[in-house]
2 protein chains.
Amino acid sequence: MSSRPEVTMAQRKRQLVSNELSEAALQLLALKGFDAVTIDEIAATAGVSKRTFFRYFASKEDVVVQFLADMGTGMRAALASRPIEEQPSASLRHTVWVSMAACADHSDRALRVVQLILRTTALRARFLEHQDQWRDDLAAELAQRLGLDADTDLYPQLAAGMALTAFDAVLQRWSGSDGAEDPAALTDRAFATIAPALDSVE
Amino acid sequence: MSSRPEVTMAQRKRQLVSNELSEAALQLLALKGFDAVTIDEIAATAGVSKRTFFRYFASKEDVVVQFLADMGTGMRAALASRPIEEQPSASLRHTVWVSMAACADHSDRALRVVQLILRTTALRARFLEHQDQWRDDLAAELAQRLGLDADTDLYPQLAAGMALTAFDAVLQRWSGSDGAEDPAALTDRAFATIAPALDSVE
DNA sequence: TAACTACTTGACACCGAGTGCCATGTACGG
DNA sequence: CCGTACATGGCACTCGGTGTCAAGTAGTTA
């Protein structure tokens with residue numbers, strides 16, 4: 001009854017508050033450590049109330065990790081966009097590479113976020129939760145592409161898991177080297193190792 | 001200056017309270033769902049105070065997941081006990097198999113615990129945290145066995161990740177089938193898929 | 001038996017995360 | 001100018017988790 005595709009002012013304001021919040025959170029968390037920062041503190045820094053914080057983010061972890069939510073569907077879409085004739089290892093390699101590229105692009109910010117996540121227990125746990133969801137998504141897409149039954153065949157789940165294992169390893173090296181190592185090269189090396197298992201069809 | 005290797009009565013009492021607590025927790029959590037049960041409730045059922053609960057378990061999740069803590073060192077030990085000449089896929093297959101067997105043994109209880117963990121978000125997150133730790137342990141052991149540098153070579157981390165991916169898939173099927181499917185057969189099938197990547201040394 | 005030590009427990013106060021509720025303010029459409 | 005829809009802040013409340021202290025109990029020594 002009312003929603004115009006136009007960007008209303010309320011929406012822009014909402015976006016602004018959201019940015020303000022993530023900005024404040026990221027700075028404080030990286031500076032003082034995850035546990036040493038309260039939500040009241042973050043909210044106050046952003047100039048809003050604690051109650052408002054929770055209208056934008058579901059939890060303290062979410063303010064850092066939220067962007068991972070879309071990444072799962074993004075990966076599935078990336079996989080779906082590959083030609084069906086392509087070898088699974090190539091399709092998955094591309095899928096992982098796209099996600100890594102998304103990180104490496106805005107490397108200044110993304111690198112800091114990733115490092116914060118990987119070194120903070122609570123955040124890492126949320127990251128793993130998301131990754132677990134991605135695996136299901138990728139497995140479903142793989143099963144569909146290959147015409148396999150995901151309930152009997154182990155391959156889709158295993159292949160998705162291997163791809164994400166590679167992703168994890170690459171992300172860890174990349175963050176550990178402060179962004180110095182090349183994500184593309186890392187991805188290729190990782191997939192060179194796991195490919196033999198990915199492509200052993202029959 | 002006082003600790004005898006004898007089992008003092010205090011220790012037995014302590015063990016008894018611990019059992020009482022896990023028992024109460026498991027029953028209530030499985031019955032009413034993780035979020036619908038408070039710690040006061042669990043403690044009251046076990047006949048102790050909330051404060052005492054936290055003297056035995058670090059968190060609400062821990063009372064269910066605690067036993068996973070040792071499993072990591074157990075897996076590393078299992079891997080370390082394999083002959084060095086053995087192919088990595090065989091060593092890791094055995095490692096995973098041992099852990100699965102530990103579950104399948106006391107299948108009545110273990111099955112219920114695993115099912116509870118896998119279907120509860122908060123518990124699954126803790127499970128993934130532990131698994132993440134296991135991966136580091138396994139990777140370290142693998143690197144040592146193969147004389148690789150874990151900081152440059154991706155193989156140890158990838159191989160450990162693949163093995164745990166297999167473990168995860170097997171566990172999921174086993175729990176999904178209410179223990180009907182054979183863990184050993186499942187493990188073999190999973191490793192048949194990933195083995196080509198594990199053994200492609202050079 | 002008395003006294004001293006070590007350990008476990010419960011009660012209480014406290015903090016922080018997260019939620020429900022309600023009153024207020026403010027953009028937008030008629 | 002008015003009504004609606006929405007964003008916000010304040011407040012009270014629940015629950016997970018921790019620090020502290022006083023009390024109780026088992027085991028030891030004299």
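Note on naming: letters A, B, ... go to the chains in the order of the sequence lines (proteins, then strands), and numbering restarts at 1 for each one. Values in this document were obtained by computation on a predicted structure and should not be read as measured data.
Judged by distance alone, with hydrogens and angles left aside, B:Arg55 brings no side-chain donor or acceptor close enough to the base of D:dG17 to form a pair under 3.5 Å. On a pure distance criterion of 3.5 Å, a polar donor-acceptor pair joins the side chain of B:Lys50 and the base of D:dG17.
Using modelled atom types, one side-chain atom of A:Asp199 and one backbone atom of A:Ser89 make a donor-acceptor pair closer than 3.5 Å.
If B:Arg51 and A:Ile39 are placed on DNA chain C by their nearest nucleotide, the residue sitting closer to the 5' end is B:Arg51. Two residues, A:Ser49 and B:Glu61, neighbour DNA chain D, and the one matched to the more 5' nucleotide by heavy-atom proximity is A:Ser49.
Atoms NZ (A:Lys32) and C1' (C:dG16) sit 14 Å apart, rounded to a whole Å. Rounded to an integer number of Å, the gap from CD1 of A:Ile42 to C1' of C:dG18 is 14 Å. At whole-Å resolution of the value, CZ in A:Arg14 and C1' in D:dA5 are 13 Å apart. Whole-Å rounding puts the A:Phe57 CZ to C:dG18 P distance at 13 Å. Note: CZ (B:Phe53) to C1' (C:dT9) measures 16 Å, nearest angstrom. Between the P atom of D:dA7 and the CG atom of A:Leu16 lies a distance of 14 Å, rounded to the nearest Å. Regarding A:Gln11, its CD atom lies at a distance of 13 Å from the C1' atom of D:dA5, rounded to whole Å. In this structure, A:Phe54 atom CZ and D:dG9 atom P are separated by 14 Å, rounded to whole Å.
Proximity of B:Tyr56 to the phosphate of D:dG17: no side-chain N or O atom is located under 4.0 Å from OP1 or OP2. Within the 4.0 Å cut-off from OP1 or OP2 of D:dG9, at least one side-chain nitrogen or oxygen of A:Thr52 is found.
By the 6.0 Å and 45° rule, B:Arg14 stacks over the aromatic ring of B:Tyr56.
Taking the six-membered ring where tryptophan is involved, the planes of A:Phe127 and A:Phe167 are tilted, since the angle between them lies from 30° to 60°.
Ion pairing of A:Arg109 with A:Glu23 is present here, as a side-chain N (NZ or NE/NH1/NH2) and a carboxylate O approach within less than 4.0 Å.
Between A:Asp168 and A:Gln172, the side chains place no donor N or O within less than 3.5 Å of an acceptor N or O (distance only, hydrogens not considered).
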